[in-house]
There are 2 protein chains.
Amino acid sequence: MPEPTLARLSHYLRCLRQLAAEGVQTVSSAAMEARLSIPSTQIRKDLSHFGEFGRPGIGYDVQHLLEHLTEIMRLDREQRAVIVGAGNLGSALLGYGGFVNSPFRIVGIFDNNFSKIGRPLWNLEIQDVHRLPELNKELGADIGIVAVPAAAAQEAADMLVEAGVRAILNFAPAVINVPKDIAVRDVDVTREMEILSFHIKRADDAEEAE
Amino acid sequence: MPEPTLARLSHYLRCLRQLAAEGVQTVSSAAMEARLSIPSTQIRKDLSHFGEFGRPGIGYDVQHLLEHLTEIMRLDREQRAVIVGAGNLGSALLGYGGFVNSPFRIVGIFDNNFSKIGRPLWNLEIQDVHRLPELNKELGADIGIVAVPAAAAQEAADMLVEAGVRAILNFAPAVINVPKDIAVRDVDVTREMEILSFHIKRADDAEEAE
DNA sequence: ACTTGTGAAGCATTTCACAGCC
DNA sequence: GGCTGTGAAATGCTTCACAAGT
């Protein structure tokens with residue numbers, strides 16, 4: 001399954017949820033292109049990887065496609081996650097409103113800083129990261145979120161692996177090594193800023209060229 | 001210039017900074033592969049887009065390559081950014097430690113919520129988002145960060161465009177439309193979680209198959 | 001007439017293989 | 001012997017073109 005297809009599925013879901021909320025019954029790939037700026041042929045090809053959902057001459061049934069994609073991505077069941085790192089970022093993620101109407105639920109937050117352990121944060125209490133493997137037997141999180149500085153990222157990842165998570169979302173600007181059956185996605189704000197910095201360049205160059 | 005190459009440049013920079021800090025003089029593409037898990041041929045091909053930096057039989061001069069790449073990405077000068085949205089996320093970004101030893105500096109934070117405007121946040125004061133175009137004449141930010149809910153994302157982006165930014169980092173889970181000479185990068189935590197959710201699936205399936 | 005699904009073509013990126021240099 | 005830079009081959013993804021369905 002192509003990784004780019006997977007990333008776009010998330011866009012399709014967002015679009016379909018919105019359409020469903022608007023009470024729209026049917027949608028064509030061309031109509032989705034208008035909303036998402038993803039070519040209609042791309043949309044059809046992506047969806048064709050999972051089956052035949054559309055009807056020629058009509059389009060896709062919004063509700064039906066929404067349910068199918070939700071199931072394919074396993075978003076029809078609760079997905080529990082734990083956060084390692086109770087700093088700014090960990091705290092912001094825990095309080096993030098984007099998870100309220102989603103299957104994702106943060107069930108634990110951990111840190112290695114003794115002055116933080118035991119303190120309440122939002123609806124949880126910060127736990128000792130060394131107890132993560134033990135406590136996750138109860139918590140049952142499949143997803144681990146690394147929200148620690150780069151220097152501590154590998155250690156945090158190791159602890160999550162030991163705790164039995166199947167997937168890791170890594171916010172630290174560092175490469176983390178994990179067994180190959182564990183999925184990792186990196187989110188690196190600094191990297192995104194650096195890429196933007198490069199793109200700005202071209203506009204500057206045009207100015208300098210005058 | 002291939003977009004994937006650009007994204008990897010950021011990894012090379014991080015690696016080189018670390019090597020420089022360790023006092024390493026020279027590094028081979030094979031040695032970088034060991035640290036970054038990026039194939040050495042890929043590294044060489046990427047670097048070859050910008051010139052010939054290495055010496056056969058020796059490798060790359062760490063300091064020299066670091067300086068070159070830093071310049072290529074325009075990270076040798078201050079890059080000012082403003083944030084729109086003073087909620088959890090905006091606040092976390094403003095307090096984010098990752099920018100301390102970097103060229104990025106957040107010079108303003110804006111919101112449309114009257115109860116927030118005028119309040120101090122870290123080292124700044126929250127400003128009215130409607131004054132963004134006017135105030136950015138002074139602030140001079142080239143980068144805008146969208147840290148508002150999805151429903152307000154387009155409006156925030158419009159305001160940033162009017163304020164004259166050349167690049168936008170969008171944290172809202174929404175498509176934003178901007179003039180094509182303005183670079184946009186999306187960071188969508190929910191999307192990343194959804195992709196991980198899909199990948200977890202395979203492990204579950206194996207279990208279910210028994 | 002309108003729209004899907006899909007093989008085939010086209011394009012982009014990665015990987016290979018090796019000539020040339022230290 | 002070790003390493004870079006790079007054409008060429010291989011792979012992967014996107015776009016095209018159109019047959020088939022409504």
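Basis for what follows: all heavy atoms, side chains included, without hydrogens, waters or symmetry-related copies. Just so it is clear: chains get the letters A, B, ... in the order the sequence lines come, proteins before strands, and each one is counted from 1.
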A:Pro4 or A:Arg44: which one's nearest nucleotide on DNA chain D is closer to the 5' end?
->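 Its nearest nucleotide lies further toward 5', so the answer is A:Pro4.
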
Assign each of A:Thr5 and A:Gly57 to its nearest nucleotide of DNA chain D by heavy atoms, then name whichever residue's nucleotide is nearer the 5' end.
->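 The residue whose closest nucleotide sits nearer the 5' end is A:Thr5.
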
Under 4.0 Å between a Lys/Arg side-chain N and an Asp/Glu carboxylate O for [X] and [Y]?
X        : Y        : result
A:Asp46  : A:Arg8   : yes
A:Glu33  : A:Arg35  : no
B:Glu67  : B:Arg17  : no
A:Arg131 : A:Glu134 : yes

Could you work out which one of [options] sits closest to the side chain of [X]?
X       : options                : value
A:Ser28 : D:dT22, C:dG5, C:dT3   : C:dT3
A:Pro56 : D:dT22, D:dT15, C:dC22 : D:dT22
B:Ile58 : C:dC22, D:dT22, C:dT6  : C:dC22

Find the distance [X]:[atom1] to [N]:[atom2] and express it as a whole number of Å.
X       : N      : atom1 : atom2 : result
B:Leu47 : C:dT13 : CG    : P     : 16 Å
A:His49 : C:dT6  : NE2   : P     : 10 Å
B:His64 : D:dT4  : NE2   : C1'   : 15 Å
B:Glu33 : D:dT4  : CD    : P     : 11 Å
B:Lys45 : C:dT13 : NZ    : C1'   : 10 Å
A:Ile43 : C:dT6  : CD1   : P     : 16 Å
A:Arg55 : C:dG5  : CZ    : C1'   : 15 Å
A:Leu65 : C:dT4  : CG    : P     : 11 Å

Under 6.0 Å between the ring centres of B:His68 and B:Phe50?
->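 Judged by ring-centre distance (under 6.0 Å), B:His68 and B:Phe50 do not meet the cut-off.
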
Taking only N and O in the side chain of [X], is any of them less than 4.0 Å away from OP1 or OP2 of [N]?
X       : N      : result
A:Tyr60 : C:dG5  : yes
B:Gln42 : C:dT13 : no
A:Ser29 : C:dT4  : yes

